[in-house]
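Note that the coordinates shown come from a computational prediction; the quantities given were computed from them, not determined experimentally.
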Amino acid sequence: MWNPDAIMENLYLSYEQKRLAQMREESAEQTRERLKQGLASSLDIGLMTKDELRPVLLERIERDHHIQERIEFGTVAGFRVPAYVLIPKGKKERSTAVIALHGHGYGSRQISGMNADGSENTGEPDSHGNYALELVKLGFIVMVPEIIGFGDRRLAEELKDGKVGNSSCQALASHLLLYGISLAGLRVHEAQRAIDYLLTREDVEGDSVGCFGFSGGALVASYLAALDERVKATVLCAFGNTFKGSIMHLRHCIDNYLPGALAYAELPDLMGLIAPRSLFIASGRQDRIFPIATTEVAIEQLKAEYTKAGAAERLGFHLYEGKHEVNGSQAYPWLVEAMSRELSGC
């Protein structure tokens with residue numbers, strides 16, 4: 001009798017109707033600009049100011065297929081970020097760069113062919129699929145920043161007793177909200193500084209990058225690509241959906257929730273800001289937390305957006321048999337082709 005379900009459903013519908021009404025009164029360009037301003041506002045990091053990069057090389061290790069560098073660099077508000085940079089072995093010329101953004105788990109090592117302690121993982125990859133490792137094998141220079149809240153960048157409490165795979169998302173997100181800052185906003189701003197660093201490297205070709213994100217890393221990738229046009233090709237794996245069908249349908253980590261977003265956009269609207277730049281959606285048909293039915297809804301909206309932008313050929317997707325996991329069988333070659341096209345100016 002007193003449960004709020006119907007009222008919450010009506011609230012969603014009322015915001016949806018308001019958004020659609022506003023879009024009908026605007027030109028496509030006006031809508032796009034308003035959405036970008038709304039997203040930038042939701043991701044604003046308040047008094048946190050940009051730091052100098054001041055990169056430091058911490059180690060350089062020769063692996064079977066690549067050189068593995070461990071660096072650290074400055075982002076905002078005094079934060080220093082450790083990151084792996086994977087460099088194709090034996091390559092003399094400059095290489096195209098990709099930023100790889102990990103999901104929930106034990107951090108940057110999990111997608112770079114390592115165990116949580118930094119030792120080489122010689123077993124089968126887990127759901128993250130070692131996609132940074134796969135990308136360097138394809139000739140990319142791959143940067144894997146440690147996203148705040150994971151791995152070495154957890155709060156001290158979560159690092160106690162040698163715990164592995166837990167996160168500081170809840171504490172960080174709730175504390176940042178008291179300052180009017182979202183955890184997503186901080187992560188996106190730090191990813192932009194990672195790009196700033198990548199483009200200072202003499203071994204990186206051009207002035208643009210590709211991006212591959214999985215799950216929570218794909219959230220960062222989507223908002224990063226929406227606002228930063230240096231990202232020319234983006235793969236979103238196990239994320240592309242609607243707010244209504246995913247993070248409002250099931251309980252998700254608090255880091256997925258963007259303050260005020262539904263006042264101006266649903267998730268496909270925000271992903272659509274990437275157009276006309278290249279975008280690939282990859283998702284498992286048995287993914288329970290980002291259900292396939294609403295992934296398909298998002299893809300249909302993105303098809304319309306890319307067609308309207310005259311860039312239908314720059315949108316790709318792969319709906320594979322699998323759960324919440326990386327499957328790069330189509331995404332990897334797509335990213336190679338997309339970045340090659342970008343560098344050739346086609």
Novice: Going by the angle between their ring planes, with limits at 30° and 60°, are H324 and F214 parallel, tilted or perpendicular?
Specialist: tilted
Novice: Does the side chain of S112 reach to within under 4.5 Å of the side chain of V144, using non-hydrogen atoms?
Specialist: yes
Novice: Salt bridge check: are K303 and E296 linked by an N-O gap of less than 4.0 Å?
Specialist: no
Novice: Return yes if some donor-acceptor pair links the side-chain N/O of K50 with the main-chain N/O of T75 below 3.5 Å, else return no.
Specialist: no
Novice: Would you say T31's side chain and S27's backbone share a donor-acceptor pair under 3.5 angstrom?
Specialist: yes
Novice: Under the ring-ring contact (aromatic ring centres under 6.0 Å, His included) rule, what pairs show up with a residue in residues 154-191, not counting sequence neighbours?
Specialist: none
Novice: Counting C-beta onward and ignoring hydrogens, is there a side-chain heavy-atom pair between L199 and V209 closer than 4.5 Å?
Specialist: yes
Novice: Is it the case that R109 and Y84 place a side-chain donor and acceptor less than 3.5 Å from each other?
Specialist: yes
Novice: How about CD on E202, more than 12 heavy atoms from neighbouring residues, nucleotides or ligands closer than 6.0 Å, or not?
Specialist: no
Novice: Report yes or no: do Q17 and Y12 form a side-chain donor-acceptor pair below 3.5 Å?
Specialist: no
Novice: Just checking, any donor-acceptor pair under 3.5 angstrom between side chains of S283 and D287?
Specialist: no
Novice: Given the side-chain rings of Y106 and F150, with only the six-membered ring counted for Trp, is the space between their centroids under 6.0 Å?
Specialist: no
Novice: Donor-acceptor pair, S108 side chain versus A83 backbone, under 3.5 Å?
Specialist: no
Novice: Taking atom types as modelled, find out whether R201 and Y197 have a side-chain donor-acceptor pair closer than 3.5 angstrom.
Specialist: yes
Novice: Would the H102 and F212 ring centres measure less than 6.0 Å apart?
Specialist: no
Novice: For a quick check under 3.5 Å, do E321 and N327 share a side-chain donor-acceptor pair by atom type?
Specialist: no
Novice: If you measure only the distance, is there a donor-acceptor pair under 3.5 Å linking the side chains of Y264 and S42?
Specialist: yes
Novice: Tell me, do L86 and F140 make a side-chain contact under 4.5 Å, heavy atoms counted?
Specialist: no
Novice: Taking R230 for the side chain and S208 for the main chain, is one N or O donor matched with an acceptor at less than 3.5 Å?
Specialist: no
Novice: Under a 4.0 Å threshold between the charged nitrogen and the carboxylate oxygen, would D203 count as salt-bridged to K91?
Specialist: no
Novice: For the pair S340 (side chain) and V336 (backbone), establish whether a donor and an acceptor sit closer than 3.5 Å, ignoring hydrogens and angles.
Specialist: no
Novice: Are M143 and L138 connected into the same hydrophobic cluster when the rule is that any two of I, L, V, M, F, W, Y join if their side-chain heavy atoms are below 4.5 Å apart?
Specialist: no
Novice: Cut-off 3.5 Å, side chains only: do E305 and Q301 have a donor facing an acceptor?
Specialist: no
Novice: Show the numbers, then the answer: is there a side-chain contact (heavy atoms from CB on, under 4.5 Å) between R60 and Q68?
Specialist: CA-CA 6 Å; R60 184 178 171 91; Q68 174 187 298; over 6 Å; no
Novice: Given 3.5 Å as the limit, does a donor-acceptor pair link the side chain of R154 with the main chain of G151, or not?
Specialist: yes
Novice: Just checking, any donor-acceptor pair under 3.5 angstrom between side chains of T96 and E205?
Specialist: no
Novice: Assess, by modelled atom type and distance only, whether the side chains of R341 and S278 contain a donor and an acceptor separated by less than 3.5 Å.
Specialist: yes
Novice: Taking atom types as modelled, is there a side-chain donor on E325 or S127 under 3.5 Å from an acceptor on the other?
Specialist: no
Novice: Look at the side chain of E59 and the backbone N and O of R70, then say whether any donor-acceptor pair between them is shorter than 3.5 Å.
Specialist: no
Novice: Answer whether the closest heavy-atom distance between the side chains of K89 and D64 falls below 4.5 Å.
Specialist: no
Novice: Given side chains that start at C-beta, do those of L155 and E158 come closer than 4.5 Å, heavy atoms only?
Specialist: yes
